[in-house]
A.B. asks: 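Sending over a structure as structure tokens; questions will come in a sec.
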Amino acid sequence: MTTTPAPRRPDASVVADFNRNGFAIIRDAISDDLRQQLLRTAQRLLASDITAGRDRGGDGKDGFRGCLALDHGFLPLLANPATLPTVVELLSFNIHLLSAHLIALPSGPPKTIRTPDRPGWHRDMYGVTADLGPANTPRMAIKVAHYLTPITPDCGMTMFLPASHLLTQSPAITDGAIDPAGAITPAIRGTDAILFENRTWHASGINLSGAPRIAVMMQYGYRWLHPVDDPYTELRGDRSLSDVQRQLLGDRDRNPDGSLAKGKGAEPLRTWSATPPGTRQ
């Protein structure tokens with residue numbers, strides 16, 4: 001069994017930014033070397049003819065849901081000690097992975113989406129809002145977005161509407177426009193990560209860079225939420241995984257003999273979160 005590096009203590013200013021705006025930036029969340037490794041992994045998967053979990057959309061958008069099961073090269077992102085502690089601080093230790101989403105946004109002018117008729121602004125977990133109503137939708141999940149291709153002003157980075165997680169109705173967009181007033185594109189470096197929650201209104205930018213914009217978004221939510229991805233049954237059988245990784249991949253509240261052990265499935269992340277910096281678990 002591998003060990004999970006000790007968590008980086010959450011930055012209070014990042015937590016405050018998140019609570020105020022519904023999103024925040026964690027600087028230097030991954031190394032340059034890991035970013036290049038992840039890009040190669042993503043390009044390999046996108047070039048394949050795999051259909052399981054394939055997620056194609058309008059205007060040539062491509063990607064995969066459950067990319068972690070399809071290529072274990074994404075595994076370093078699962079329990080990243082630079083980002084996961086902040087997710088735990090903002091939700092709790094009683095979480096697991098809901099989705100590992102690989103997205104390739106093609107370059108070119110918009111045709112069917114990101115137009116005045118279909119601006120593309122949305123909240124995640126649309127079913128929650130549809131069932132409970134926008135005024136009653138709580139914070140339930142957080143995405144950690146990593147952008148693997150070069151970040152340029154025209155690459156189509158994700159846009160966000162600050163403080164929109166507090167809105168009780170859809171943001172207004174002026175006739176003929178595609179973005180609500182106040183929408184921004186965060187300024188990040190390639191090794192940074194953007195965290196945002198399910199209630200935050202966001203949309204992809206328009207990619208005119210001449211190359212696909214490739215990103216991986218890891219979404220974490222409470223363990224009582226059903227994952228978007230298919231079960232990670234095969235991956236959980238990997239004996240080299242750490243206990244924290246197993247929790248995030250869906251380990252249940254069970255004793256070794258199979259009997260019920262209330263809360264046991266969240267114990268690894270509870271213990272890891274309390275690990276002092278400079279030690280390993």
A.B. asks: Taking the side chain from Asp117 and the backbone from Thr112, do they hold a donor-acceptor pair closer than 3.5 Å?
C.D. replies: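 The answer is no, because no donor-acceptor pair under 3.5 Å joins these two groups.
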A.B. asks: State whether Glu267 and Arg270 are salt-bridged, where the test is any N-O pair (Lys NZ or Arg NE/NH1/NH2 against Asp/Glu carboxylate O) under 4.0 Å.
C.D. replies: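 Answer for the salt bridge query: yes.
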A.B. asks: Please report the C-alpha distance between Arg54 and Asp62 in whole Å, then the side-chain angles of each, then the deciding distance to 0.1 Å, and finally whether the side-chain contact (heavy atoms from CB on, under 4.5 Å) criterion is met.
C.D. replies: CA-CA 8 Å; Arg54 197 105 197 191; Asp62 197 5; 2.7 Å; yes
A.B. asks: Can you check side-chain contact (heavy atoms from CB on, under 4.5 Å) on Gln37 and Leu34, steps first, answer last?
C.D. replies: CA-CA 5 Å; Gln37 172 192 318; Leu34 177 56; 4.0 Å; yes
A.B. asks: Show the nearest heavy-atom pair for residues Gly108 and Ile206, with the distance to one decimal.
C.D. replies: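 Minimum heavy-atom contact is O-CG2, 4.3 Å.
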A.B. asks: Does Asp55 come within less than 4.0 Å of Lys61, counting only side-chain N to carboxylate O?
C.D. replies: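 No, Asp55 and Lys61 are not salt-bridged.
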A.B. asks: Do NZ/NE/NH1/NH2 and the carboxylate oxygens of Asp229 and Arg65 come within less than 4.0 Å?
C.D. replies: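 So Asp229 does not pair with Arg65 through a salt bridge.
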A.B. asks: Evaluate the criterion side chain to side chain donor-acceptor pair (under 3.5 Å) for residue pair Asp238 and Ser240; output intermediate values, then yes/no.
C.D. replies: CA-CA 5 Å; Asp238 185 344; Ser240 70; 2.7 Å; yes
A.B. asks: Are Arg27 and Ile188 side-chain neighbours, meaning at least one heavy-atom pair lies under 4.5 Å?
C.D. replies: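 A side-chain contact exists here, since the closest heavy-atom pair is under 4.5 Å.
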A.B. asks: So His122 and His202, do their side chains get closer than 4.5 Å, heavy atoms only?
C.D. replies: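 Result yes, sub-4.5 Å side-chain heavy-atom pair found.
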A.B. asks: State whether the side chain of Asp253 and the backbone N or O of Gly263 hold a donor-acceptor pair below 3.5 Å, judged by distance alone.
C.D. replies: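 Confirmed, Asp253 side chain pairs with Gly263 backbone.
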A.B. asks: Taking side chain as C-beta onward, heavy atoms only, is Met125 less than 4.5 Å from Thr137?
C.D. replies: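 They are not in contact (no side-chain heavy atoms under 4.5 Å apart), so the answer is no.
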A.B. asks: Side chains of Trp272 and Leu269: closer than 4.5 Å at any heavy-atom pair?
C.D. replies: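 Result yes, sub-4.5 Å side-chain heavy-atom pair found.
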A.B. asks: Regarding Asp179 and Arg114, does a basic nitrogen lie under 4.0 Å from an acidic carboxylate oxygen?
C.D. replies: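 Result for this pair is yes, salt bridge flagged.
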A.B. asks: Would Ile184 end up clustered with Tyr147 when hydrophobic side chains under 4.5 Å apart are linked, directly or stepwise?
C.D. replies: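 In one cluster with Ile184: Tyr147, yes.
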A.B. asks: Okay, side chain of Asp192, backbone of Arg189: is any donor-acceptor separation there less than 3.5 Å?
C.D. replies: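 Yes; at least one donor-acceptor contact below 3.5 Å.
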A.B. asks: Nearest 0.5 Å, what's the CG-CD distance between Leu98 and Gln219?
C.D. replies: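 Taking CG in Leu98 and CD in Gln219, the distance rounds to 5.0 Å.
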A.B. asks: Provide the closest heavy-atom pair for Ala193 versus His146 in the form atom of the first, atom of the second, distance.
C.D. replies: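 That would be CB-CE1, 3.7 Å.
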A.B. asks: What distance separates Phe64 CZ from Leu45 CG, expressed to the nearest 0.5 Å?
C.D. replies: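 Phe64 CZ to Leu45 CG: 4.0 Å, rounded to 0.5 Å.
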A.B. asks: What distance do Asn19 atom CG and Arg139 atom CZ have between them, rounded to the nearest 0.5 Å?
C.D. replies: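 Atom-to-atom, Asn19:CG and Arg139:CZ are 5.0 Å apart.
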A.B. asks: Among side-chain atoms of Asp154 and Ser209, is any donor-acceptor pair under 3.5 angstrom?
C.D. replies: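 No, because no side-chain N or O of Asp154 sits under 3.5 Å from a partner of the opposite role on Ser209.
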A.B. asks: Can you give me the closest heavy-atom contact between Leu39 and Leu148, atom names plus distance?
C.D. replies: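 Reported closest heavy-atom pair: CD2-O, 3.7 Å.
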A.B. asks: Using distance alone, with no hydrogens and no angle criterion, decide if Asp11 and Ser13 have a side-chain donor and acceptor under 3.5 Å apart.
C.D. replies: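 Yes, because at least one side-chain N or O of Asp11 sits under 3.5 Å from a partner of the opposite role on Ser13.
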A.B. asks: If we count only N and O atoms by modelled type, under 3.5 Å, do the side chains of Asn94 and Ser92 hold a donor and an acceptor together?
C.D. replies: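 Judged by distance alone, the side chains do not pair up.
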A.B. asks: Considering only heavy atoms from C-beta outward, does the side chain of Phe18 approach that of Thr86 to under 4.5 Å?
C.D. replies: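 Side chain of Phe18 against side chain of Thr86, heavy atoms only: no contact under 4.5 Å found.
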A.B. asks: Can you tell me how far apart CG (Leu84) and CG (Leu78) are? Round to the nearest 0.5 Å.
C.D. replies: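 Those atoms lie 8.0 Å apart.
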A.B. asks: Testing Gln245, Arg223, Arg236 for side chain to side chain contact (heavy atoms under 4.5 Å, CB included) with Asp251, which one passes?
C.D. replies: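 Among the candidates, only Arg236 passes.
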A.B. asks: Would Leu68 and Leu75 count as a side-chain contact (heavy atoms from CB on, under 4.5 Å) if you check the C-alpha gap in whole Å, the side-chain angles of each, and the deciding distance to 0.1 Å?
C.D. replies: CA-CA 6 Å; Leu68 185 59; Leu75 196 58; 3.9 Å; yes
A.B. asks: Taking the side chain as every heavy atom from C-beta outward, state whether Lys143 and Phe23 have any atom pair closer than 4.5 Å.
C.D. replies: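 With C-beta onward as the side chain, the pair stays apart.
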A.B. asks: Taking Lys111's backbone N and O only, do any of them form a donor-acceptor pair with Asp59's side chain (distance below 3.5 Å, no angle check)?
C.D. replies: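 At least one qualifying donor-acceptor pair exists.
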A.B. asks: If you compare all heavy atoms of Arg35 against all heavy atoms of Ile30, which two are closest, and at what distance to 0.1 Å?
C.D. replies: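 Here Arg35 and Ile30 meet closest at CB-CD1, 3.8 Å.
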A.B. asks: Applying a strict under-4.5 Å side-chain criterion to I, L, V, M, F, W and Y, I'd like to know whether Ile25 and Ile142 cluster together.
C.D. replies: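 Shared cluster, no.
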A.B. asks: More than 12 foreign heavy atoms under 6.0 Å from CG of Asp257: is that the case here?
C.D. replies: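 Correct, the count exceeds 12.
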A.B. asks: Under 3.5 Å, side chain of Arg123 to main-chain N/O of Arg199, donor-acceptor pair present?
C.D. replies: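 Looks like yes, one N/O pair under 3.5 Å.
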A.B. asks: I'd like to check Tyr232 versus Leu97 (side-chain heavy atoms, cut-off strictly below 4.5 Å). Are they in contact?
C.D. replies: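 Yes, close enough: below the 4.5 Å cut-off.
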A.B. asks: Does the Ser107 side chain pair with the main chain of Gly210, one donor and one acceptor, at a distance under 3.5 Å?
C.D. replies: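 Yes; at least one donor-acceptor contact below 3.5 Å.
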A.B. asks: Quick one: salt bridge (Lys or Arg N to Asp or Glu O under 4.0 Å) pairs with a partner in residues 79-106, sequence neighbours left out?
C.D. replies: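 Every candidate salt bridge (Lys or Arg N to Asp or Glu O under 4.0 Å) pair involving residues 79-106 fails, so no pair, neighbours aside, qualifies.
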A.B. asks: Mind checking whether Leu90 and Ile95 sit in one hydrophobic cluster, side chains of I, L, V, M, F, W, Y counted as touching below 4.5 Å?
C.D. replies: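 Linked within one cluster.
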A.B. asks: Do Pro5 and Pro81 have side chains that approach each other closer than 4.5 Å (heavy atoms only, starting at C-beta)?
C.D. replies: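 SC-SC contact between Pro5 and Pro81 confirmed.
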A.B. asks: Is it true that Arg20 and Asp17 have a side-chain N and a carboxylate O under 4.0 angstrom from each other?
C.D. replies: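 Salt bridge: yes.
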A.B. asks: Pick out which of Leu102, Leu77, Ile214, Val216 makes a side chain to side chain contact (heavy atoms under 4.5 Å, CB included) with Leu38.
C.D. replies: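 Running side chain to side chain contact (heavy atoms under 4.5 Å, CB included) over Leu102, Leu77, Ile214, Val216 with Leu38 returns exactly one hit, Leu77.
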A.B. asks: I'd like to know whether CZ of Arg252 has more than 12 heavy-atom contacts from other residues, nucleotides or ligands below 6.0 angstrom.
C.D. replies: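 Incorrect, the count does not exceed 12.
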A.B. asks: Kindly say whether Ala29 contributes a backbone atom to a donor-acceptor pair with the side chain of Asn80 at under 3.5 angstrom?
C.D. replies: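 Judged by distance alone, yes, a pair lies under 3.5 Å.
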A.B. asks: Between atom CG of Leu195 and atom CG of Asn21, what is the distance when rounded to the nearest 0.5 Å?
C.D. replies: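 Between atom CG of Leu195 and atom CG of Asn21 there are 13.0 Å.
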A.B. asks: Apply side chain to side chain donor-acceptor pair (under 3.5 Å) to residues Ser31 and Asp33 and explain how you reach the verdict.
C.D. replies: CA-CA 5 Å; Ser31 67; Asp33 287 346; 5.4 Å; no
A.B. asks: Could you please spell out the steps behind the side-chain contact (heavy atoms from CB on, under 4.5 Å) verdict for Met159 and Trp121?
C.D. replies: CA-CA 9 Å; Met159 300 181 67; Trp121 283 84; 3.8 Å; yes
A.B. asks: Do you reckon Leu91 sits in the same ILVMFWY cluster as Val88, going by side-chain contacts under 4.5 Å, direct or chained?
C.D. replies: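 Same cluster.
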